[in-house]
Amino acid sequence: MIKFICTESEQQAGIRAAEIMAEVIKTRPNALIGLATGSTPLNMYAELVRKCSIGEISFKDVTTVNLDEYVGLTPDHEQSYYWFMWKNLFSHIDIEPENTHLPTGASPDPEKECINYDRLLDRLGSVDIQLLGIGHNGHIAFNEPDSHFPKDTTLVKLSDSTIEANSRFFDSKADVPSQAISMGIGRILRAKSILLLATGQGKADILEKALFGKITPTVPASILQFYQGELTVVTDKSAFSTIKEKHPRVNPE
Ligand code: F6R
């Protein structure tokens, strides 16, 4: 069963998501946490930083593992996900750098890096809570619409719509890397719990399609309907609007 939490604003959605993360960390101080990048989790990260700064939570014994990284970007590239994580979260909290993990996008052999990342995931064990965003095309991590659901970490060719969507962070569309290393969907579904965060009107239709439509690899997030763990979907009013309209019986918290 999916638990829906619909908040008044994007900021409130971030705060609520941070509360859920914080609960996991308080219950399990050495939790393994799966993280995502993008615009959506920024408020959540800001709130986690705040909670850590006032001593409500500590990341001292927490380990993190990120979903994805662009191929070809070095950690010091401002659009790399490594840079994003340090800028928005890691450098402001008490986490041990060696406990943070992202795929190495600048690896000379990205295929091998995928295998290495899966080995790391095997070593780390089950993720306690995996944060996910959703792409406008229904992708989760960088698992793009396809003919199958990738199980393991793979080298992904980014779809044109994803390159277009992410070009807002780069000087031009041509600067957006065409490939990424992405945790596979099979790996994502191994998490004990999943927190899907979606905000803004632009996510309303795809969120409804993913969670109530046909389960198909052309909408990668639709596989979440088969997820056996605890799935919490946190939204603002705008992102929840299509679900509200088409499924009036869904009663969010
Ligand atoms: C990023 C990731 C992506 C994003 C998705 C939404 O690590 O895994 O799947 O979650 O592209 O991005 P935003 O939040 O920018 O709309």
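Counting convention: from 1, in listed order, for ligands and their atoms alike. Here the structure is a predicted model, which is why all the values come from computation and not from measurement.
When all heavy atoms of L32 and S126 are compared, the pair lying nearest together is CD2-O, 3.6 Å. Here the shortest heavy-atom pairing between L207 and T235 reads CD2-CG2, 3.6 Å.
For F170 and Y70, the distance between ring centers is under 6.0 angstrom.
The protein atom (non-hydrogen) at minimum distance from atom 11 (O) of ligand 1 is H139 NE2, 2.7 Å. The shortest contact between atom 2 (C) of ligand 1 and any protein heavy atom is with D68 OD2, 3.4 Å. Nearest protein heavy-atom contact of atom 10 (O) of ligand 1 is G133 CA, 3.3 Å. Counting only heavy atoms of the protein, atom 3 (C) of ligand 1 lies nearest to A141 O, 3.6 Å.
Other residues, nucleotides and ligands contribute more than 12 heavy atoms inside 6.0 Å of the NZ atom of K26.
In terms of N/O distances under 3.5 Å, ligand 1 is approached by T40.
In this structure, the side chain of E144 does not engage the main chain of H139 through any donor-acceptor pair within 3.5 Å. Judged purely by atom type and a 3.5 angstrom limit, T154 has no side-chain atom pairing as donor or acceptor with the backbone of V156.
Heavy atoms of I134 found under 4.0 angstrom from ligand 1 belong exclusively to the backbone. Residue-level proximity to ligand 1 for M183 is absent, since no heavy atom of it falls below 4.0 angstrom. The parts of T37 lying near ligand 1 are both backbone and side chain, judged by heavy-atom distances below 4.0 Å. By the criterion of a heavy-atom distance under 4.0 Å, the side chain of K203, and not its backbone, is placed next to ligand 1.
Relative orientation of the Y82 and W86 rings is tilted, given thresholds of 30° and 60° on the angle between their planes.
The contact set between ligand 1 and L67, taken as ligand atoms under 4.0 Å from a residue heavy atom, comprises 8 (O). Atoms of ligand 1 lying under 4.0 Å from any heavy atom of R168, numbered from 1 in the order shown and given with element: 15 (O).
Contact of the I140 side chain with the L67 side chain is not registered, since no non-hydrogen atoms from C-beta on lie closer than 4.5 Å.
The closest side-chain donor-acceptor pair between D236 and T199, if any, does not fall under 3.5 angstrom.
Of all the listed residues (G202, P41, A221, G38), G38 holds the heavy atom that lies closest to atom 12 (O) of ligand 1.
Residue contact check for ligand 1: E144 places no non-hydrogen atom closer than 4.0 Å to it.
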